[in-house]
There are 2 protein chains.
Amino acid sequence: MTAIEPSRRGRPRSQRTHEAILEATRSLLLEKGYPALTIDAVAARAGTARTTVYRRWATKGALVLEATAEHLAIGIVPDAGSTRTDLGVALRQLTATFSDRLAAIVMLAVIANLDEDPFMARTFRSEIVYPWRTSAAAALERGVARGDLPPDADIPFLLDVIVGTVFQRAVINAQSETDGLDEAILDLVLAR
Amino acid sequence: MTAIEPSRRGRPRSQRTHEAILEATRSLLLEKGYPALTIDAVAARAGTARTTVYRRWATKGALVLEATAEHLAIGIVPDAGSTRTDLGVALRQLTATFSDRLAAIVMLAVIANLDEDPFMARTFRSEIVYPWRTSAAAALERGVARGDLPPDADIPFLLDVIVGTVFQRAVINAQSETDGLDEAILDLVLAR
DNA sequence: GTATTACGCTACGACACGTAGCGTAGCGAA
DNA sequence: TTCGCTACGCTACGTGTCGTAGCGTAATAC
């Protein structure tokens with residue numbers, strides 16, 4: 001997805017090296033954070049050459065996105081027929097993803113490096129944010145149709161409330177404690 | 001505050017140079033963003049020597065915090081006797097500060113560089129976040145005492161809702177349009 | 001005037017960047 | 001098996017930034 005496409009002829013890339021680079025990226029991200037992550041350190045830890053990393057990923061951002069893809073995979077909000085159930089799933093998806101330290105590090109890097117690495121931001125938005133937000137908006141709209149939310153409910157606003165609150169607690173305040181947060185937000189949005 | 005203290009004897013520091021460095025820092029922050037901000041570029045634009053900048057600020061973070069101090073000065077929430085009025089002021093303080101591009105850039109840098117520059121984070125928290133959050137919590141507690149909020153209101157949670165929602169819209173989504181946001185959040189929190 | 005410090009300049013070693021070129025290794029196809 | 005192709009590890013290069021040191025000079029306090 002984010003890696004440079006290899007040729008189909010000739011010597012194929014080593015899958016073992018590929019995984020070693022991604023694993024080194026993850027562990028270094030956790031230890032040093034995104035700004036201090038260097039390609040040199042990744043290659044050294046992966047036991048490969050610096051040039052090999054450059055041959056496979058165009059930018060540090062692309063490498064990091066691939067290395068943390070599973071941590072960022074928030075999914076989409078399902079349609080199970082109940083507003084509260086669907087939004088409950090949405091909130092658990094949010095809290096689980098935002099509480100993941102690797103995911104939090106990468107999300108902050110995406111936002112803080114908008115100017116420097118627009119590819120990273122574009123990929124993240126289109127692959128992760130857009131699908132989730134679209135499905136979450138659909139869930140809210142179904143809630144309006146069912147009468148669980150007022151007819152004039154401001155969907156984008158409610159999405160900002162939901163996402164912003166979880167982001168604030170899990171990422172900004174870095175609180176691992178998110179017990180009860182889901183229910184509290186549900187009560188607030190669905191206005192009991 | 002964040003600068004290195006000069007001696008009181010001998011040749012004093014040039015105030016003109018000081019202001020030129022801070023202004024160069026601000027303009028470069030807006031043009032390049034925090035990660036791409038270099039001391040070299042600041043000194044060049046300020047028309048001074050690179051070493052002079054290093055003599056006055058220990059880190060890039062300290063320099064940036066001083067250069068943007070006025071943009072980050074969110075103040076504290078007053079006690080005017082009315083819950084809705086006080087929280088309305090709090091929300092305008094939030095939207096005004098978070099909509100400021102320089103402030104947004106610096107806040108993201110603070111969070112994204114927690115590991116690399118703990119001084120920056122500590123200073124920001126103690127000088128900006130703590131005073132505001134404490135006064136905002138007090139405003140909410142007065143609201144509970146007055147009966148404008150339920151007796152079992154979760155103050156830290158409500159603070160995360162308020163701050164998180166504004167942060168999400170103004171900083172993450174980078175929407176300059178915050179019309180009606182204040183009132184919408186007030187209605188949500190005060191639960192009409 | 002003299003002591004003291006800030007300033008501008010140059011230079012240094014260190015580190016990371018991204019790229020190029022080399023010989024070699026490993027795979028697919030004829 | 002041979003041949004063609006590409007990945008790989010290595011070394012090296014030029015660039016940019018870092019933070020510091022040392023110099024002579026400028027500007028102030030005493």
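- Of the side-chain N and O atoms in A:Thr48, one or more sit less than 4.0 angstrom from OP1 or OP2 of D:dG9.
- If you measure from atom CD of A:Glu116 to atom P of D:dT17, you get 11 Å, rounded to the nearest angstrom.
- Nearest-nucleotide mapping onto DNA chain D: of B:Pro12 and B:Asp40, the residue sitting toward the 5' end is B:Asp40.
- Atom-to-atom distance recorded for A:Gln175:CD and B:Asp160:CG is 6.5 Å, nearest 0.5 angstrom.
- For the atom pair CG (A:Leu94) and CD1 (A:Ile185), the distance works out to 8.0 Å, reported to the nearest 0.5 Å.
- Among the heavy atoms of the strands lying under 4.0 Å from B:Arg55 is at least one base atom, whether or not backbone atoms are also near.
- Rounded to a whole Å, the CD1 atom of A:Ile4 is 10 Å from the P atom of D:dA7.
- Donor-acceptor pairing under 3.5 Å, judged by distance alone, is absent between the side chain of A:Ser7 and the base of D:dC5.
- For the pair A:Tyr54 OH and D:dC10 P, the interatomic distance rounds to 16 Å; values are reported in whole Å.
- Contacts of A:Ser14 with the nucleic acid, taken as non-hydrogen atoms under 4.0 Å apart, involve only primed sugar atoms and P, OP1 or OP2.
- Counting to the nearest Å, the P atom of D:dA7 and the CD atom of A:Glu5 are 11 Å from each other.
- When the P atom of D:dC5 is taken as reference, atom CZ of A:Arg13 falls 19 Å away, rounded to whole Å.
- A:Tyr34 is listed as a side-chain neighbour of A:Lys60, based on a closest heavy-atom distance under 4.5 Å.
- Put simply, A:Thr52 has a side-chain N or O that comes within less than 4.0 Å of OP1 or OP2 on D:dG9.
- When rounded to the nearest whole Å, the span between NZ of B:Lys32 and P of D:dG16 equals 13 Å.
- For B:Ala49, the side-chain atoms get nearest to C:dG8 when compared with the rest of C:dT19, D:dA7, C:dG8.
- A salt bridge is defined here as a Lys NZ or Arg NE, NH1 or NH2 lying under 4.0 Å from an Asp or Glu carboxylate O, and B:Arg122 with B:Asp117 fails to meet this definition.
- B:Arg16 has its CZ atom 11 Å from the P atom of D:dT28, to the nearest Å.
- Comparing B:Gly47 and B:Arg8 along DNA chain C, the residue whose closest nucleotide (by nearest heavy atom) sits nearer the 5' end is B:Arg8.
- At D:dA26, none of the side-chain N or O atoms of B:Arg11 fall inside 4.0 Å of OP1 or OP2 (strictly under the cut-off).
- Dashed line: the shortest gap from a side-chain N or O of B:Arg9 to OP1 or OP2 of D:dA29 is not under 4.0 Å.
- The residue among A:Gly10 and A:Thr38 whose nearest nucleotide of DNA chain C is located toward the 5' end is A:Thr38.
- No salt bridge links A:Arg26 with A:Glu70; every basic N to acidic carboxylate O contact stays at or beyond 4.0 Å.
- Distance, A:Ile39 CD1 to C:dC15 C1': 14 Å, rounded to whole Å.
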